Amino acid sequence: MLVKKKKLRLGVFKYSCCAGCEFELIYFQKYIRETFDNVDIIYFRMAKSGGSEEGPFDLVLIDGAITEAWQVDQLKRVRQVARFLLPIGSCAVNGGIPAIKNHTSELDMEKRVYQDITHVHSIKTHPVDDYVQVDGYIKGCPMGRKDLYEAFTSLLLGKRPSFVNYSVCVECKIKGNTCVLISYGWPCMGPVTNGGCGALCPSYNRACYACWGPMEDANAPALARQFEKMGLAPDDIFRRFTQYGSTKPEFRRGAELYGSTTQPF
Amino acid sequence: MDNPHYRVACLLDVQPETEDTSSYLFVLEDGGDFQFSPGQFNMLGLPGTEEAAISFSSLAAAGSGRFTHTIRRVGNVTRLIGELEIGQRVMVRGPFGRGWPIEQAVGCDVLLVAGGLGLAPLRPFLLYMLENRGQIRNLVLIFGARTLDDMIFQIDLARWQEQDEISTIYCVDHLTRESNLRLRTGLVTRFMDGLDLDPRNTLACICGPEIMMRFVARNLALQGYRQDRIYLSMERRMRCGTAHCGHCQIGAKFVCQDGPVFSYPDIARFADTAL
Amino acid sequence: MDRQPNPFNSKTISIDYLARTEGESGLMVKIAEGGDVQEIKLKIFEPPRFFEGFLVGRKYSEAGDIVSRICGICPISHLTTSLQAVEDAMGIMPSPQTRRLRRLMCVSQVVASHIIHLYMFVLPDYFGYPGFAEMMPEFKKETDYLLAMKEAVNNVAEKIGGRPLNPVSMVVNGFTKLPDRETMLSLAEGIRAVLPMAYETAMMMSRLPYPDLETEGEFAALRKEASGEEERGEYAFNEGRLVSSGGLNLDIHDYFAAFCEQEQGYAQAKKSFLKTGNTYMSGALARVNLKFDQLHDETKKLAQEIGFSRPDRNPFHNNLAQALEIYDGMLESIRLLSEIDPKKEVPSVDIRAGEGVAITEAPRGLLMHRYVIDRRGVIEEANLITPTSQNFANIERDLHLLAARYGQSDDHEALRLKCEQLIRAYDPCFSCSVH
Amino acid sequence: MQEQAFIIEKDQLFSWLEKLQQEFLLIGPKKQEEGGGVAFLPIKSVQELDLNYTLTMMGPQIYLYPPEETICTVWRKDDGGFEVRMREEVPRQVLFAVRSCDLQAILVLDKVFLRPGLEDRNYRLWRENTLLIGLHCSSIHPQCFCASMGSGPFFEPRQGYDLLLTDLGQIGYLAETLGERASSLLAALKAQPATQTHFDQKRQIGHYLLTQFQKSIDTTHLVEVLLKNQDHPVWSQTADQRCLSCTNCTKVCPTCFCYNTKDTVSFDLVRCERTRYKDSCQELHFAQVHGANFRSTRSSRLRQFVTHKLATWVEQFGCFGCVGCGRCMSWCPTGIDLTQMAKEIMVSEGLYDRRRQT
Ligand SMILES: Cc1cc2nc3c(=O)[nH]c(=O)nc-3n(C[C@H](O)[C@H](O)[C@H](O)COP(=O)(O)OP(=O)(O)OC[C@H]3O[C@@H](n4cnc5c(N)ncnc54)[C@H](O)[C@@H]3O)c2cc1C
Ligand code: SF4
Ligand code: SF4
Ligand code: SF4
């Protein structure tokens with residue numbers, strides 16, 4: 001039989017993030033039964049005591065951005081025992097919100113928060129694929145359920161999952177939303193942002209703020225210039241392209257036109 | 001016929017060709033007949049994997065409903081087909097497209113140039129020529145692959161090189177080991193001079209990577225071969241096979257319906273090709 | 001021969017990684033032979049996240065979206081607190097409708113969080129499973145309850161906010177889009193349908209064998225007294241004054257007059273204390289203790305049925321209090337959903353410079369945001385204090401009590417489990433604590 | 001084919017539509033709530049109709065070729081075989097008040113999806129179950145250039161629609177039927193047959209409308225010029241400077257037909273739903289195959305869109321792919337205008353006087 005039903009050996013590792021994606025996994029609503037029926041949780045600290053980091057895993061989901069050195073070591077070890085490794089959520093995929101700090105010097109950042117910084121061992125925020133090869137991305141903040149579903153069912157079937165890789169505008173059009181950029185002149189990030197959310201923000205009457213991070217090959221400089229034409233101040237444009245995913249060249253190129261994107265230690 | 005129209009075919013036999021390529025013999029499950037001509041293709045799929053365009057690598061056997069595909073395992077459909085066991089099934093739509101211009105071969109010299117897996121769609125054409133050898137004049141096959149291990153249809157190749165009806169030139173980029181095939185080293189374009197062919201009266205059929213087809217076609221044109229008798233088989237992303245999904249368009253052409261076999265000038269006039 | 005206990009001969013209980021909590025932490029308890037507790041450290045090693053740092057230089061309008069990513073289980077609380085702090089700084093008073101809808105969102109958040117916490121984090125402890133996934137095959141009814149209740153309350157956040165985690169419709173001074181009345185009513189129906197399950201949940205929670213312990217810290221919560229002709233004040237989540245069992249009664253703006261924060265060498269989170277030096281507990285148990293009178297009558301009845309009497313000082317009973325809040329929250333959601341008839345309002349903002357403070361009740365306790373904003377709306381200073389930081393000191397103090405009480409008699413494993421149970425009873429969120 | 005012409009008063013028309021609603025789902029232009037524009041939406045009460053609209057974002061063809069649609073459902077049977085179920089039924093619907101450009105767009109889609117021998121099953125189902133009622137424009141949107149593309153302002157081909165209405169003001173609508181279906185449905189109305197005067201009036205309105213266009217393009221040499229200039233700098237300049245690859249242009253274009261398929265399987269892997277959704281040549285992965293992407297550059301994708309609409313379409317289907325509705329430029333976040341690009345190329349070919357550009 002082609003469809004050999006074997007349980008997937010699952011590992012979930014969390015680095016710097018809000019754990020929202022891990023919750024999303026638990027929140028997987030009506031599929032939670034199917035999910036747990038079809039996976040063996042080998043390592044998932046938020047859902048299970050014990051567990052082994054050693055794997056081997058069929059599927060490893062990485063939640064969170066890399067901000068400390070030990071995470072890199074663990075990540076590299078995990079990669080070696082993972083057949084399929086997917087970063088989940090914006091933090092792991094493109095640095096997400098934690099990467100906002102990259103545009104200030106690390107020392108300044110530490111001093112803003114702690115008086116005694118001797119116990120702080122942070123490094124600049126990096127997405128997972130800066131250190132290991134990944135087999136795809138489940139984007140979103142929190143990660144998209146459609147892609148998560150695709151990942152599970154594809155691996156059960158034995159194929160490479162195909163994730164959403166078009167812009168938010170596509171979903172806006174499918175829904176027939178009024179375009180907030182053109183009709184209201186709001187600085188919508190939808191054209192350069194990876195879809196998957198169902199164009200949530202425009203459907204809720206607000207401009208997309210790019211929480212899913214950049215679409216592959218997005219032309220951020222063109223949109224940034226358009227924002228300028230629409231009357232946005234340079235620092236506001238800079239902020240729009242550095243809120244999410246400025247570790248990725250797509251957004252960085254847009255931000256760079258209006259500010260300096262990375263700071264040394 | 002309405003599109004899409006799915007049929008189910010059963011895997012009868014698998015013949016490994018290279019490390020990542022095998023030939024698969026299928027038979028239609030509904031017992032129906034299956035007619036197709038050399039150069040045409042099927043859309044093969046499994047529930048859950050969408051579909052892939054795959055050329056026929058055999059000649060249609062009247063009344064049998066049997067057909068062979070030679071498939072390299074590169075993606076979802078092709079890998080899962082690679083995992084099928086004998087007796088398991090696939091979903092088939094087809095045949096689609098326009099194949100090699102068989103009728104134009106009559107009374108001409110015929111040159112076939114294939115690169116790598118490109119021999120698969122040319123094989124049925126070649127078999128047809130051999131079956132109807134009397135209708136054509138000289139028949140030449142030039143087949144190139146990276147190494148011997150990348151050469152598909154080695155049993156055929158060995159037979160053809162001994163046959164008088166056809167002259168063969170097999171070449172590899174690197175000679176890795178000895179075999180009973182007479183191999184030369186170099187790209188196919190190196191062996192295209194001085195062929196026993198009449199440039200003004202040759203049907204040239206090329207299939208392989210686009211960049212290779214470009215060099216071969218240009219080389220032939222330079223040698224004075226008639227450009228409108230040079231034919232190429234193009235590969236594009238395909239979703240429907242019926243000129244609806246638009247993915248395979250090159251300029252005004254739908255590869256799936258107007259092709260995949262095109263005459264060189266007809267397709268080279270559009271951008272978006274390496275030709 | 002009898003051997004005298006040697007205080008230098010200590011046993012150490014250490015937990016490298018505390019599973020089934022949000023975020024990353026471990027625990028180290030050192031008990032001397034003879035039972036004296038020598039050292040207790042709740043090691044929160046969640047990497048520093050610098051929200052307070054990188055909020056500086058960002059626009060007021062982004063703050064809500066940014067801070068909702070502090071926590072994956074209480075994003076709505078962070079978002080609401082942030083919006084209210086910005087409004088406080090700019091002198092904006094949101095409309096009554098906005099405030100009621102926010103209350104609804106926060107209630108749904110608290111209920112959803114408690115449901116997850118009780119079923120997925122707490123139950124496995126008491127039934128001896130590594131996690132809820134392993135329990136599912138045998139606990140079919142409980143699984144059904146969990147899924148049905150969670151879906152009903154998440155629907156509220158999803159329909160009103162766009163998505164249950166990190167909602168998008170909540171902005172400074174209002175909502176970008178409002179659900180229609182029909183949606184509200186159907187959401188109310190959805191919750192009414194699962195109300196009996198909340199009742200059952202409370203009954204189930206009341207039957208668990210909680211260890212005995214009495215916390216020594218104060219209880220602190222937000223409380224709003226009745227105004228006008230109201231019979232009783234709302235069970236406060238977003239608005240009110242700071243009260244404590246120690247007699248504190250403060251305007252939220254005076255938070256820093258009574259509370260202070262300290263850095264810890266061994267933990268990335270800061271620890272909060274009362275300026276008196278006392279530790280305090282906030283969260284469900286503190287709320288139920290301090291605002292029992294403001295619960296719905298049905299909830300009070302339920303409390304009686306499950307044998308909850310106040311003041312209840314056992315921190316393990318935080319789980320009971322959470323069960324009560326689930327039930328009460330559902331009643332409150334039904335009330336709000338049936339009463340609110342959303343009318344279109346445009347959330348407009350007049351940008352002004354200023355300093356703003358907001359305190360709300362997140363599922364796990366008090367949450368404070370304070371911003372200083374310049375005249376272009378750019379944040380110049382940000383200070384966030386999360387529930388787990390507030391409870392941090394008290395958790396350690398309770399662990400001390402626990403170890404002292406059971407350290408002698410219990411075997412290593414049993415004590416370890418009790419320590420874990422205690423920490424989990426607080427429902428800490430380490431991601432939040434290291435924001 | 002049977003053709004008739006009547007004069008229908010406005011009230012009469014509405015009550016006729018109401019009657020149709022008993023049998024058909026009525027879809028027509030409706031003002032969206034919350035400040036949005038007009039969109040083709042299911043109509044509950046005929047009062048909701050907005051018949052003065054000029055441009056909707058999505059054309060009415062989304063009801064014949066939905067942006068997302070199930071093609072078939074496949075079950076894996078226990079014996080290892082597959083059971084394929086196709087879509088058999090669609091609701092009966094009326095597409096009401098379709099403008100000339102959109103009628104033309106539907107004709108274009110007919111050529112794509114109803115090619116003899118290669119009929120798309122779902123499209124045919126929708127098409128057969130749809131009563132198509134056109135309504136001519138009475139004003140011209142600044143972005144419209146249907147007159148240049150030969151698809152408006154009045155719809156000339158006598159095919160594709162069931163009923164074509166022209167607003168003659170006070171008098172009512174001039175209603176021209178095509179085919180059996182519309183005639184029999186209209187019979188109940190007992191409307192007055194139209195006379196030559198009415199047709200004269202219609203022609204006058206047409207003449208007036210023709211003077212109202214602000215945008216135009218000369219199509220005389222368009223095809224050769226575009227095909228000759230596949231390497232023109234306008235492609236890469238516009239692509240790099242302005243094109244976002246957001247695909248809005250192709251999503252709103254009423255003639256864009258490309259789709260992609262996607263299989264979704266159930267967790268037990270037994271059931272598979274094969275859907276198709278409208279794809280776009282502007283998307284990076286559109287032409288991706290194993291080992292190559294045939295349109296990996298933004299400029300090649302942009303060129304594909306423009307040359308397809310304005311040139312290669314003619315060879316493929318015997319008509320332009322652009323009907324001049326102006327949607328792509330209206331909904332492009334940076335306002336890229338395909339007529340401007342075409343004109344730029346014509347200017348460099350000396351075929352167009354830059355001062356004449358509009
Ligand atoms: C007319 C014709 C005849 C052909 N004949 C044969 C033949 O005889 N034998 C043969 O082996 N092949 C043949 N092919 C090629 C075959 O159709 C392709 O290799 C096909 O893609 C295989 O399908 P798949 O599902 O296995 O791979 P896919 O899953 O489609 O993947 C193929 C490759 O494309 C990439 N890819 C696919 N989709 C995306 C995407 N969305 N984003 C990024 N990358 C993507 C993948 O990385 C992978 O490398 C033919 C093609 C055509 C057009
Ligand atoms: S609102 Fe934003 S996402 Fe939607 S179409 Fe417009 S630009 Fe794209
Ligand atoms: S529209 Fe943009 S910001 Fe909103 S949910 Fe989608 S990706 Fe995130
Ligand atoms: S190309 Fe543009 S103007 Fe032409 S039909 Fe398409 S959307 Fe309308």
Side-chain angles (χ1 to χ4, degrees), chain A residues 14-24 26-27 29-30 32-33 36 39 41 44-51 67-68 71 90-91 96-98 100-101 103-104 108-116 118-122 141-142 197 200-201 203-206 209 211 233 235-236 239 243, chain C residues 17-24 46-59 62 65-66 68-73 75 116 120-121 124 130-134 136 143 147 150-151 154 161-166 168-169 171 176-177 263-266 268 270 376 378 420 429 431-432:
Chain A
K14 173 187 176 296
Y15 299 127
S16 298
C17 67
C18 72
C21 294
E22 291 187 301
F23 275 109
E24 195 64 22
I26 295 179
Y27 269 41
Q29 302 284 52
K30 55 183 178 216
I32 191 163
R33 253 184 244 272
F36 285 142
V39 302
I41 300 180
F44 185 0
R45 278 292 165 77
M46 201 167 78
K48 180 181 175 176
S49 311
T67 62
E68 284 191 355
Q71 299 168 331
S90 282
C91 300
I97 290 282
I100 299 178
K101 80 177 172 102
H103 311 298
T104 309
D108 280 354
M109 195 46 75
E110 290 175 9
K111 281 192 190 148
R112 279 184 201 167
V113 180
Y114 298 97
Q115 274 152 4
D116 172 12
T118 51
H119 61 278
V120 177
H121 312 290
S122 270
C141 186
C197 62
L200 189 60
C201 293
S203 317
Y204 272 77
N205 258 327
R206 61 178 290 192
Y209 55 94
C211 77
D235 62 332
D236 283 332
R239 279 191 281 264
Q243 191 177 350
Chain C
Y17 195 124
L18 207 64
R20 278 184 288 114
T21 56
E22 212 217 302
E24 298 173 73
E46 174 90 24
R49 297 168 63 213
F50 301 107
F51 274 78
E52 289 165 326
F54 60 66
L55 275 172
V56 173
R58 307 302 294 192
K59 226 26 187 296
E62 294 175 289
D65 298 328
I66 293 178
S68 51
R69 271 72 179 186
I70 288 177
C71 179
I73 196 162
I116 295 267
M120 304 202 81
F121 295 170
F132 192 76
E134 287 74 13
M136 276 169 55
T143 311
L147 297 182
K150 199 169 56 62
E151 177 145 11
N154 279 356
R163 59 183 167 197
L165 295 181
N166 307 332
V168 301
S169 70
V171 294
T176 56
K177 186 175 175 181
E263 282 176 26
Q264 304 300 317
Y266 62 86
Q268 308 287 12
K270 297 174 192 175
R376 285 195 62 230
V378 178
E420 284 201 32
C429 170
S431 305
C432 268

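As the structure is a prediction and not an experimental result, all values here were calculated from the model. All values below were derived from every heavy atom in this structure, side-chain atoms included, with hydrogens, water molecules and symmetry-related copies excluded. Note on naming: letters A, B, ... go to the chains in the order of the sequence lines (proteins, then strands), and numbering restarts at 1 for each one.
A heavy-atom distance below 4.5 Å is not found between the side chains of I73(C) and M46(A).
Judged by a 6.0 Å distance limit and a 45° cone about the ring axis, K177(C) is positioned over the six-membered ring of Y204(A).
Only the side chain of I116(C) has a heavy atom closer than 4.5 Å to any heavy atom of chain A. The contact between S203(A) and chain C is made entirely by backbone atoms, counting heavy-atom distances below 4.5 Å. Contacts between E68(A) and chain C at a heavy-atom distance below 4.5 Å involve the side chain alone, from C-beta outward. Looking at P124(C), there are no atoms closer than 4.5 Å to chain A (heavy atoms on both sides), in backbone or side chain. Only the side chain of Y209(A) has a heavy atom closer than 4.5 Å to any heavy atom of chain C. For C17(A), the part lying near chain C is the backbone, with the side chain staying farther off; criterion is any non-hydrogen pair under 4.5 Å. Proximity to chain A (any heavy atom under 4.5 Å) is restricted, for V171(C), to the side chain, taken from C-beta onward. With a threshold of 4.5 angstrom between heavy atoms, E22(A) does not approach chain C through any atom at all.
Side chain of R69(C) to main chain of G20(A): no donor-acceptor pair is present (N/O by atom type, distance under 3.5 Å, no hydrogens or angles). The backbone N or O of E52(C) lies less than 3.5 Å from no partner atom in the side chain of R112(A), so there is not a single donor-acceptor pair.
Relative ring orientation between F121(C) and F23(A) is described as tilted, the plane-to-plane angle lying within the 30° to 60° band.
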